Amino acid sequence: MKKNLSALFLLAAILVLSACGSDSSSGSSKDELVIGYFPNIDHVPAMIAKEKQYFEEAVGEDVEVSYKTFPDGGAFMTALKTGDIDAGFVGPGPVMNNYANGADVKILAGASSGGTVVVASEQSGIEGLEDLDNHTFITPGIGCTHDVQMETFLKEQGITSARIGGTLKHVTGNPAQYQAMFESGKVDLAAVPEPWASTLVANGAKIIVDTDEIAYGTTLPNTVLVTSGKLLEEESELVDQITEAHEMSIAFINENPEEAQTIAVDSIEEITNQRMDESIIASAWERVTYTTEVNADVIQAFADSSHDLQFLKEKPEFDELVVPQDTEVGSAE
């Protein structure tokens with residue numbers, strides 16, 4: 001009987017200790033944070049945060065931080081939905097398309113705006129919008145941010161892609177390959193983010209629509225910081241820390257543009273094995289603004305354009321997509 005009582009007391013003690021050990025009130029219960037981003041100039045905030053270890057500093061030594069890079073928004077969103085990444089940087093186009101289809105995603109902040117340029121290859125013969133009939137244009141993805149920006153602008157000019165009854169053919173591909181595709185004649189026109197736009201122009205391409213002319217060119221974030229609604233609900237303190245690290249990164253970029261450019265060049269080379277010319281980065285930098293600001297009304301207007309262009313089957317409402325920036329996530333009800 002004494003042995004049975006001793007066993008019961010031991011079991012009770014173990015249960016008490018286990019309960020104390022599982023108390024998550026002292027901080028995040030996650031032991032790993034995975035941040036996703038693309039190897040291009042729109043995603044410099046991620047590169048700065050990685051180089052300066054801002055995420056590591058914000059979340060503390062108990063959370064291991066790692067990074068994954070992606071070629072396009074579709075791959076990024078798949079990783080977010082499957083839990084392969086916890087947060088990261090992506091264009092608003094894929095975010096809205098996936099959100100409209102039921103994906104669990106939230107926009108925490110802006111990251112960069114501007115930088116989308118429409119350029120034509122030297123041998124295409126395209127001098128202006130009047131020359132676009134029966135040519136082929138390329139964007140990083142169907143319904144991606146740059147695609148919607150371009151097609152919205154073109155539709156305002158009375159020009160539509162073959163996808164919705166026009167004559168302008170559309171293909172997709174990695175911006176790093178656009179120069180070779182221009183030279184081979186496979187494509188004539190590209191809606192492309194920086195620094196690829198400046199690279200193409202340096203190699204003879206002609207700017208047809210510049211950043212300040214294209215739809216939403218100066219008001220729409222071309223990159224946003226996102227996470228899942230699940231992480232927002234279950235790890236609100238961690239999400240606050242992610243946002244804090246991002247703010248540190250944006251501040252560094254704006255206070256140290258030359259060093260930020262160097263970090264960007266080195267980071268892109270490390271991932272793509274291509275060394276960007278410093279003069280190209282400097283040119284691109286003039287078209288891109290790094291900011292945490294994101295306007296929910298502009299996001300909605302951009303989504304309406306996506307619907308008008310038939311990228312979205314139903315007109316979506318994005319009232320709850322953007323997390324309000326005037327309060328900390330952890331303090332939100």
Side-chain angles (χ1 to χ4, degrees), residues 21-73 75-91 94-95 103-112 221 223-256 259-272 290-292 294 323 325 328-330:
S22 63
D23 183 3
S24 59
S25 63
S26 60
S28 171
S29 61
K30 282 183 66 64
D31 56 8
E32 183 181 19
L33 172 67
V34 185
I35 301 293
Y37 69 100
F38 303 2
N40 68 49
I41 198 171
D42 289 339
H43 294 241
V44 170
M47 302 175 201
I48 297 299
K50 181 180 179 182
E51 175 71 19
K52 298 297 181 179
Q53 295 193 318
Y54 288 147
F55 287 116
E56 288 84 348
E57 178 182 338
V59 302
E61 60 183 14
D62 291 336
V63 180
E64 181 180 353
V65 181
S66 60
Y67 300 84
K68 289 186 176 181
T69 58
F70 296 88
D72 56 60
F76 176 98
M77 289 304 304
T78 296
L80 185 67
K81 288 184 287 187
T82 59
D84 288 341
I85 59 174
D86 300 297
F89 301 83
V90 66
V95 173
D104 179 25
V105 59
K106 297 288 186 179
I107 295 176
L108 299 176
S112 64
T223 305
V224 290
L225 173 64
V226 301
T227 190
S228 66
K230 183 175 185 291
L231 191 71
L232 186 66
E233 180 179 353
E234 297 180 357
E235 300 283 354
S236 61
E237 181 180 351
L238 177 64
V239 173
D240 281 337
Q241 292 165 343
I242 291 170
T243 305
E244 177 188 345
H246 175 54
E247 291 171 351
M248 294 168 64
S249 182
I250 294 294
F252 179 89
I253 292 170
N254 291 319
E255 292 169 6
N256 306 276
E259 184 178 351
Q261 289 177 39
T262 299
I263 292 172
V265 170
D266 292 341
S267 298
I268 292 172
E269 180 183 24
E270 180 182 354
I271 297 165
T272 66
Y290 297 100
T291 176
T292 61
V294 55
V323 176
Q325 294 184 286
E328 289 188 355
V329 173

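Model, not experiment: these values are computed from the prediction.
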*Asks:* Supply the atom-to-atom distance Ser267 OG to Asn40 CG, rounded to the nearest 0.5 angstrom.
*Replies:*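 Output value for this atom pair is 12.0 Å.
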*Asks:* Donor-acceptor pair, distance only, cut-off 3.5 Å: does the side chain of Asp104 make one with the backbone of Lys230?
*Replies:*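 At least one qualifying donor-acceptor pair exists.
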*Asks:* For the pair Lys106 and Glu233, find out whether any cationic side-chain nitrogen is under 4.0 Å from an anionic carboxylate oxygen.
*Replies:*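 Salt bridge: no.
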*Asks:* Once you round to the nearest 0.5 Å, how far does CD1 of Ile35 lie from NZ of Lys68?
*Replies:*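 Interatomic distance, Ile35 CD1 to Lys68 NZ, rounded to 0.5 Å: 12.0 Å.
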*Asks:* Between atom NE2 of His43 and atom CD1 of Ile48, what is the distance when rounded to the nearest 0.5 Å?
*Replies:*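 Answer for the NE2-CD1 pair, His43 versus Ile48, is 14.0 Å.
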*Asks:* Does Glu259 form a side chain to side chain contact (heavy atoms under 4.5 Å, CB included) with Lys52? I'd like the steps, not just the answer.
*Replies:* CA-CA 12 Å; Glu259 184 178 351; Lys52 298 297 181 179; 2.9 Å; yes
*Asks:* Where do His246 and Gly110 come nearest, in terms of heavy atoms and distance?
*Replies:* NE2-O, 2.7 Å
*Asks:* Drop me the distance from Ile253's CD1 to Ser249's OG, to the nearest 0.5 angstrom.
*Replies:* 4.5 Å
*Asks:* Restricting to non-hydrogen atoms, name the atom on Glu56 and the atom on Ala49 that form the minimum distance, rounded to 0.1 Å.
*Replies:* OE1-O, 4.3 Å
*Asks:* Could you check if a side-chain atom of Phe252 sits within less than 4.5 angstrom of a side-chain atom of Ile263, using non-hydrogen atoms only?
*Replies:* yes
*Asks:* Looking at every non-hydrogen atom in both residues, tell me the closest pair between Pro39 and Thr69 and how far apart they are.
*Replies:*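 So the minimum-distance heavy-atom pair works out to CD-CB, 4.4 Å.
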*Asks:* Atom CD of residue position Glu32 - does it have more than 12 heavy atoms of other residues, nucleotides or ligands inside 6.0 Å?
*Replies:*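 Yes, the 6.0 Å shell around CD holds more than 12 heavy atoms from other groups.
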*Asks:* Are Phe89 and Tyr37 an aromatic pair by the rule of ring centers under 6.0 Å?
*Replies:* no
*Asks:* Checking side chain to side chain contact (heavy atoms under 4.5 Å, CB included) for the pair Tyr54/Val59: CA distance, chi angles, key distance, verdict?
*Replies:* CA-CA 9 Å; Tyr54 288 147; Val59 302; over 6 Å; no
*Asks:* CD/Glu235 to CG/Asp86 distance, rounded to the nearest 0.5 angstrom?
*Replies:* 9.0 Å
*Asks:* Looking only at non-hydrogen atoms, find the nearest pair between Pro221 and Val294 and report the distance.
*Replies:* CG-CG2, 3.8 Å
*Asks:* Anything under 30° is parallel, anything over 60° is perpendicular, the rest tilted; go ahead and classify Phe76 against Phe38.
*Replies:*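 Because their plane-to-plane angle is over 60°, the rings of Phe76 and Phe38 count as perpendicular.
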*Asks:* Quick check: does any side chain N or O of Ser112 sit under 3.5 Å from a backbone N or O of Asp42, one acting as donor and the other as acceptor?
*Replies:*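 Yes: the side chain of Ser112 pairs with the backbone of Asp42.
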*Asks:* Val95 and Ile107: which non-hydrogen atoms are nearest, and at how many Å?
*Replies:* CG1-CG1, 4.0 Å
*Asks:* For residues Glu64 and Asp31, determine if any side-chain heavy atom of one lies less than 4.5 Å from a side-chain heavy atom of the other.
*Replies:* no
*Asks:* I'd like to know whether CD of Glu269 has more than 12 heavy-atom contacts from other residues, nucleotides or ligands below 6.0 angstrom.
*Replies:* yes
*Asks:* Considering all heavy atoms of both residues, which atom of Thr243 and which atom of Leu225 are nearest to each other, and what is their separation?
*Replies:*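 Result for this residue pair: CA-CD2, 4.4 Å.
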*Asks:* Determine whether a donor-acceptor pair (N or O, by modelled atom type, separation under 3.5 Å) exists between the side chain of Asn254 and the backbone of Ile250.
*Replies:*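 Here the side-chain-to-backbone pair exists.
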*Asks:* Determine, step by step, whether Val90 and Val226 satisfy the side chain to side chain contact (heavy atoms under 4.5 Å, CB included) criterion, reporting the C-alpha distance in whole Å, the side-chain angles of both residues, the deciding distance to 0.1 Å, and the verdict.
*Replies:* CA-CA 8 Å; Val90 66; Val226 301; 4.0 Å; yes
*Asks:* I would like to know whether Val34 and Tyr67 meet side chain to side chain contact (heavy atoms under 4.5 Å, CB included); could you show each step before the answer?
*Replies:* CA-CA 5 Å; Val34 185; Tyr67 300 84; over 6 Å; no
*Asks:* Return the CG to OG distance between Leu231 and Ser236, rounded to the nearest 0.5 Å.
*Replies:*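 Rounded to the nearest 0.5 Å, the CG-OG separation comes to 9.5 Å.
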